[in-house]
Amino acid sequence: MIALGIDTSCDDTGVGLVRGGRVVANKVASQTLLHQRFGGVVPELASREHTQVIDGLLEQALAEAGVRLRDVELVAATRGPGLIGALLVGYTYAKGLALALGKPFVAVHHLEGHLYAALADHPEALPPFLALIASGGHSHLFRVAAWGRYELLGATMDDAAGEAFDKVARLLGLGYPGGPEVEKLAAQGDPQAVPFGMPLQGQGPGQYAFSFSGLKTAALRAVEKGLDKADIAASFQRVAVEHLASVVLRAARDTGLQTLLVTGGVAQNRALRERLEQAGLRLLFPPRGMATDNGAMIALAAWRRWSGQGDPLSLPAAAYLPLA
C-alpha cells in the first residue's frame with residue numbers, strides 16, 4: 001500500500017510517501033526565513049505560505065518516490081493539534097485529494113505522528129515503552145502501553161522545551177529557530193558558569209511535570225547582569241537537558257520501562273542525547289529529517305494504523321486535541 005501524508009500544523013509544510021511501511025519520500029518546505037525577523041511563527045503568514053508551496057511539494061514528493069498520484073491508495077493529514085489556520089490548509093487539501101482520487105482519508109494526531117516517526121529507523125520497536133515528545137510546541141511524557149493506547153505521565157506547566165530555547169536565543173541575540181543556535185553557542189561556554197536552579201525539584205512519586213518559565217526568566221536576569229553569553233547558553237542548556245532527563249529517568253525507574261522513544265525538534269540536541277545515553281536506557285530516535293514536523297511521519301502513522309476503514313470527510317480539524 002502507498003500512503004500519502006501531509007502536515008501543515010505549524011510553520012513547515014510537509015509531504016511524505018510511504019510504500020509498504022518504508023518511507024520513500026519526505027519533502028519539507030521550511031518557513032524559517034519567513035518568520036526569522038519576528039523571532040517566532042506568525043500564524044497568518046504560515047497559513048498563506050502553506051497554500052503557496054503545497055502543490056509543488058506534492059509534485060516533488062511523487063517524483064522522488066517514483067509514484068504517480070493515481071497510485072496513492074491512502075491519503076492522510078494532520079488533524080491537530082496546531083495552529084488552526086495552518087492545519088486547515090493541509091487537512092482540507094488532503095480531503096480534496098482523497099475525494100478526487102476516490103481513496104480513503106485518514107486523520108492523524110500530530111503527536112502520534114511524532115511517535116510513529118521513530119519506526120522509520122526502528123520498525124521492530126514494540127510497546128510498552130516511554131515516549132518523550134520535546135519540541136517548540138510540546139513537552140509531553142507518555143507511557144505507550146500499545147500502539148493507540150497512550151497514558152500521559154507528565155507535560156510542561158508553562159513553556160515547551162523548544163519554546164524556551166527559542167526565547168533564550170532571542171534574549172542572547174541569536175537567530176530563529178533558537179535550539180540549534182543556543183546549542184552552537186553553548187559549545188563555546190562554561191556550563192557551570194551561571195548557577196541556574198533546577199526546576200521542580202520537589203516533585204513527589206508519580207509526578208513528572210516539566211517547567212521552563214523560571215529557567216527562562218533566570219536567563220533574562222543573567223543577560224541583564226551582562227554575563228558572558230556563551231556561558232549563559234551553556235548553563236541554560238545544561239539545566240534544561242538535565243531537567244528533561246531527570247524527569248524521564250525517574251519515570252523509567254518508577255514504571256520499570258527501560259526503552260525510551262525521544263522525538264520532536266529538541267530530540268536533535270546532542271547534549272540531551274548524550275545525557276540519555278549515559279543512563280543506559282534503550283533509546284529510539286527518528287531519523288534526523290523526521291524529528292521535526294514532516295509529512296512522512298503522518299503517512300507512516302496512517303499506514304501502520306490502517307484497518308480498512310477511513311475517517312469521514314466531515315471530521316473537523318482541531319487546534320486543541322489531547323492524545324491521552
Side-chain angles (χ1 to χ4, degrees), residues 1-31 46-47 49-80 82 86-123 147-148 263 286-287 289-318 321:
M1 172 179 281
I2 298 174
L4 168 68
I6 296 174
D7 180 83
T8 60
S9 58
C10 191
D11 60 328
D12 287 342
T13 313
V15 177
L17 287 155
V18 166
R19 178 194 281 129
R22 184 174 66 89
V23 175
V24 292
N26 184 27
K27 305 301 290 185
V28 177
S30 173
Q31 297 184 14
S47 303
E49 186 67 11
H50 288 314
T51 66
Q52 297 298 310
V53 304
I54 194 167
D55 280 330
L57 208 61
L58 174 60
E59 291 178 1
Q60 292 174 33
L62 292 169
E64 182 177 295
V67 170
R68 296 168 300 181
L69 186 57
R70 64 175 178 266
D71 296 329
V72 171
E73 299 164 85
L74 186 66
V75 182
T78 298
R79 180 188 177 205
L87 279 169
L88 284 170
V89 175
Y91 196 61
T92 54
Y93 187 91
K95 285 182 177 181
L97 278 178
L99 183 62
L101 295 171
K103 304 297 183 181
F105 170 75
V106 176
V108 176
H109 194 290
H110 183 70
L111 297 186
E112 189 169 34
H114 274 301
L115 296 180
Y116 276 99
L119 295 186
D121 269 1
H122 305 279
W147 290 112
T263 188
M290 290 182 63
T292 51
D293 293 352
N294 64 89
M297 70 181 190
I298 303 304
L300 193 55
W303 185 89
R304 286 271 183 164
R305 285 178 39 206
W306 178 244
S307 62
Q309 183 70 40
D311 292 310
L313 295 179
S314 59
L315 186 67
L321 190 65

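The chain is numbered in sequence order, starting from 1.
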Can you see which heavy atom on [X] is nearest to which on [Y], and at what distance?
X: A46; Y: C10; value: CB-O, 3.8 Å
X: T263; Y: P286; value: OG1-CG, 3.6 Å
X: N294; Y: D7; value: O-CB, 3.5 Å
X: A65; Y: L17; value: CB-CD1, 3.8 Å
X: A296; Y: V18; value: O-CG2, 4.0 Å
X: V24; Y: E64; value: O-OE2, 3.8 Å

Supply the atom-to-atom distance [X] [atom1] to [Y] [atom2], rounded to the nearest 0.5 angstrom.
X: I6; Y: K27; atom1: CD1; atom2: NZ; answer: 15.0 Å
X: R304; Y: E112; atom1: CZ; atom2: CD; answer: 12.0 Å
X: I298; Y: M290; atom1: CD1; atom2: CE; answer: 9.0 Å
X: H50; Y: D12; atom1: NE2; atom2: CG; answer: 7.5 Å
X: D71; Y: L62; atom1: CG; atom2: CG; answer: 9.0 Å
X: R19; Y: I2; atom1: CZ; atom2: CD1; answer: 4.5 Å

Are [X] and [Y] side-chain neighbours, meaning at least one heavy-atom pair lies under 4.5 Å?
X: V108; Y: M297; answer: no
X: L321; Y: H109; answer: yes
X: D55; Y: Y93; answer: yes
X: P316; Y: R79; answer: yes
X: L97; Y: L58; answer: yes

**Request:** Report the residue from L315, T8, T78 that forms a side chain to side chain contact (heavy atoms under 4.5 Å, CB included) with Y91.
**Result:**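 Going through the options one by one, the only one that passes is L315.
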
Is the side chain of [X] donor-acceptor paired with the backbone N or O of [Y] at a distance under 3.5 Å, no angle test?
X: D311; Y: A107; value: yes
X: K103; Y: V75; value: no
X: T13; Y: I54; value: no
X: R70; Y: L101; value: no

**Request:** Would you please indicate if the ring centroids of Y116 and W303 are separated by under 6.0 Å?
**Result:** no

